[in-house]
Student: 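Please see the structure below; I have some questions.
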Amino acid sequence: SRTSRMLAATLSVLGSLLQLVSSQTALTGNTSCKGTSLDWYTSVVGITPCRTYEMLRQICDPTYTVGVMQTATPPDQCDSQVSRCCCNSIAFALSMLCLNCQRGVGSGLDGDNGIDAEGAGAYQDYLTQFGKAQCSPEVNQSLPIDIQSGVCNEGIKIDDDLYNLFWVDGSWYVFTMLENARAPVLHEFHSGSSETSTM
């Protein structure tokens, strides 16, 4: 009958909408910032560095969520079975920004220089899970091409400064990132779009 066909069509449309909504609902962990110390990042990118890091990791591991970052550096490890999303200097930098976000430090104001990965080896510890395993391929100052495509497809904004800042000894300094972010230049994003923003 006509009524049962309309009901079936309506249910089909509702089912499709439910699938769309559930596919758009991503898992989120501890992605909020404590205070306003990383507003300089969030105001440009639109989300916290923890959420950016989580979204990048979720391209390879949809179940990954950011936990509470440990204050000893590195704050996290590249330990996903498919490690292409975290086996790079950009993911490491985002994990360091996330640590500063969660702890409410890194504003650059009144002596607040944040938490750094001082000294050699923090990046290498992140990549190797403190010597337990080695992710590959290890990529510095870029993302693997397929992961960069995923960043574009998901509309994830990653500030260009994260592609340019790298310390070969494995250290990382939030104040240097902050200074670059505050530079009076146009900020571009590796997000697959032509969006730009000024700080």
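It should be emphasised that the depicted structure is a prediction, and the values quoted were computed from it without experimental measurement. The first residue of the sequence shown is numbered 1, and numbering continues consecutively from there.
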Student: How close do Thr48 and Cys101 get, heavy atom to heavy atom, and via which atoms?
Tutor: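 Taking every non-hydrogen atom into account, CB-SG, 4.2 Å.
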Student: So does Thr128 get a backbone contact from the side chain of Gln124, meaning a donor-acceptor N/O pair under 3.5 Å?
Tutor: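 Looks like no, no N/O pair under 3.5 Å.
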Student: Just list the side-chain donor-acceptor pairs under 3.5 Å for residues 169-178, sequence neighbours left out, or say none.
Tutor:
from: Asp169; atom 1: OD1; to: Ser171; atom 2: N; distance (Å): 3.0
from: Asp169; atom 1: OD1; to: Ser171; atom 2: OG; distance (Å): 2.6

Student: State the CG-OH distance between Leu27 and Tyr64, to the nearest 0.5 angstrom.
Tutor: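 Going from the CG atom of Leu27 to the OH atom of Tyr64 covers 12.0 Å.
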Student: Please report the closest heavy-atom contact between Pro74 and Ala122, naming both atoms and the distance.
Tutor: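 Scanning both residues completely, I find the closest heavy atoms to be CG-O, 3.6 Å.
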Student: Just wondering, do Leu56 and Ile59 contact through their side chains at under 4.5 Å, heavy atoms?
Tutor: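 Yes, their side chains come closer than 4.5 Å.
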Student: Are Val68 and Leu99 linked, directly or through other ILVMFWY residues, by side chains that come within less than 4.5 angstrom of each other?
Tutor: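 Val68 does not cluster with Leu99.
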Student: Group every Ile, Leu, Val, Met, Phe, Trp and Tyr by side-chain heavy-atom contacts under 4.5 Å, then state whether Val168 and Ile90 land in the same group.
Tutor: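 In one cluster: yes.
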Student: Mind checking the CG-CE spacing from Leu165 to Met96? Nearest 0.5 Å is all I need.
Tutor: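 CE of Met96 is found 13.0 Å from CG of Leu165.
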Student: Would you give the length of the straight line joining atom CE of Met69 to atom CG of Leu97, rounded to the nearest 0.5 angstrom?
Tutor: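 One finds 10.0 Å between CE of Met69 and CG of Leu97.
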Student: Find out if the SG atoms belonging to Cys98 and Cys50 lie under 2.5 Å from one another.
Tutor: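 Answer is yes, sulfur atoms closer than 2.5 Å.
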Student: Excluding sequence neighbours, so at least two apart, what forms side chain to side chain contact (heavy atoms under 4.5 Å, CB included) with Gln129?
Tutor: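 Gln129 satisfies side chain to side chain contact (heavy atoms under 4.5 Å, CB included) with Gln77, Asp79, Lys132, Ala133 only.
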Student: What distance do Ile47 atom CD1 and Thr42 atom OG1 have between them, rounded to the nearest 0.5 Å?
Tutor: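 Atom-to-atom, Ile47:CD1 and Thr42:OG1 are 8.5 Å apart.
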Student: Sort and list the pairs that fulfil salt bridge (Lys or Arg N to Asp or Glu O under 4.0 Å) and have at least one residue in residues 80-101, not counting sequence neighbours.
Tutor: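 Every pair satisfying salt bridge (Lys or Arg N to Asp or Glu O under 4.0 Å) with a residue in residues 80-101: Arg84-Asp146.
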Student: Just by modelled atom types, is the Met55 backbone N or O under 3.5 Å from a matching donor or acceptor in the Glu154 side chain?
Tutor: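 Answer holds: no.
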Student: Side chains of Val151 and Ile158: closer than 4.5 Å at any heavy-atom pair?
Tutor: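 Touching, per the 4.5 Å side-chain cut-off.
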Student: With sequence neighbours excluded, what pairs up with Arg103 under the salt bridge (charged side-chain N to carboxylate O under 4.0 Å, His left out) test?
Tutor: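 Arg103: no salt bridge (charged side-chain N to carboxylate O under 4.0 Å, His left out) contacts found.
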Student: Glu54: which residues meet the side chain to side chain donor-acceptor pair (under 3.5 Å) condition with it, sequence neighbours left out?
Tutor: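 Once residues adjacent in sequence are excluded, the partners of Glu54 under the side chain to side chain donor-acceptor pair (under 3.5 Å) criterion are Arg51.
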Student: Of Thr52, Asn100, Asp161, Asp159, which meets side-chain hydrogen bond (donor to acceptor under 3.5 Å, both in side chains) against Tyr41?
Tutor: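 Per the side-chain hydrogen bond (donor to acceptor under 3.5 Å, both in side chains) rule, the option paired with Tyr41 is Thr52, out of Thr52, Asn100, Asp161, Asp159.
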Student: Among residues at least two apart in sequence or on other chains, which ones pass salt bridge (charged side-chain N to carboxylate O under 4.0 Å, His left out) with Asp116?
Tutor: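 If we apply the salt bridge (charged side-chain N to carboxylate O under 4.0 Å, His left out) test to Asp116, skipping adjacent residues, there are no hits.
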Student: Taking the side chain as everything from C-beta on, heavy atoms only, tell me whether Asn88 gets closer than 4.5 Å to Ile147.
Tutor: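 They are not in contact (no side-chain heavy atoms under 4.5 Å apart), so the answer is no.
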Student: Can you list everything that forms a side chain to side chain contact (heavy atoms under 4.5 Å, CB included) with Val82? Sequence neighbours excluded, please.
Tutor: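 So Val82 forms a side chain to side chain contact (heavy atoms under 4.5 Å, CB included) with Cys60.
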Student: Apply side-chain contact (heavy atoms from CB on, under 4.5 Å) to Tyr53 and Gln58, showing your working.
Tutor: CA-CA 9 Å; Tyr53 179 60; Gln58 286 176 345; over 6 Å; no
Student: For the atom pair CD (Gln148) and OH (Tyr163), what is the distance rounded to the nearest 0.5 Å?
Tutor: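 One gets 3.5 Å once the value is rounded to the nearest 0.5 Å.
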Student: Could you pull out every donor-acceptor pair under 3.5 Å between side chains of residues 135-144 and any protein atom, sequence neighbours left out?
Tutor:
from: Asn140; atom 1: OD1; to: Tyr123; atom 2: OH; distance (Å): 2.6
from: Gln141; atom 1: NE2; to: Asn164; atom 2: O; distance (Å): 3.0

Student: Sequence neighbours excluded, which residues qualify as side chain to side chain donor-acceptor pair (under 3.5 Å) partners of Ser95?
Tutor: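 Ser95 satisfies side chain to side chain donor-acceptor pair (under 3.5 Å) with no other residue.
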Student: Applying side chain to side chain contact (heavy atoms under 4.5 Å, CB included), name anything that partners Ser37, two or more places apart in sequence or on another chain.
Tutor: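 For Ser37 the side chain to side chain contact (heavy atoms under 4.5 Å, CB included) partners, ignoring immediate neighbours, are Ser107, Asp112.
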Student: Determine whether Leu127 and Cys87 make a side-chain contact, defined as any pair of heavy atoms from C-beta on separated by less than 4.5 Å.
Tutor: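 Yes. Closest side-chain heavy atoms under 4.5 Å.
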Student: Can you list everything that forms a salt bridge (charged side-chain N to carboxylate O under 4.0 Å, His left out) with Asp61? Sequence neighbours excluded, please.
Tutor: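 Scan of Asp61 (salt bridge (charged side-chain N to carboxylate O under 4.0 Å, His left out), adjacent residues dropped) gives none.
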Student: What pairs with Cys86 under side chain to side chain contact (heavy atoms under 4.5 Å, CB included), at least two apart in sequence or on another chain?
Tutor: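 If we apply the side chain to side chain contact (heavy atoms under 4.5 Å, CB included) test to Cys86, skipping adjacent residues, the hits are Arg57, Cys78, Ser83, Ala91, Tyr126.
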Student: Output, in order, the C-alpha distance, side-chain angles, deciding distance and verdict of side-chain contact (heavy atoms from CB on, under 4.5 Å) for Thr73 and Asp125.
Tutor: CA-CA 9 Å; Thr73 58; Asp125 287 342; over 6 Å; no
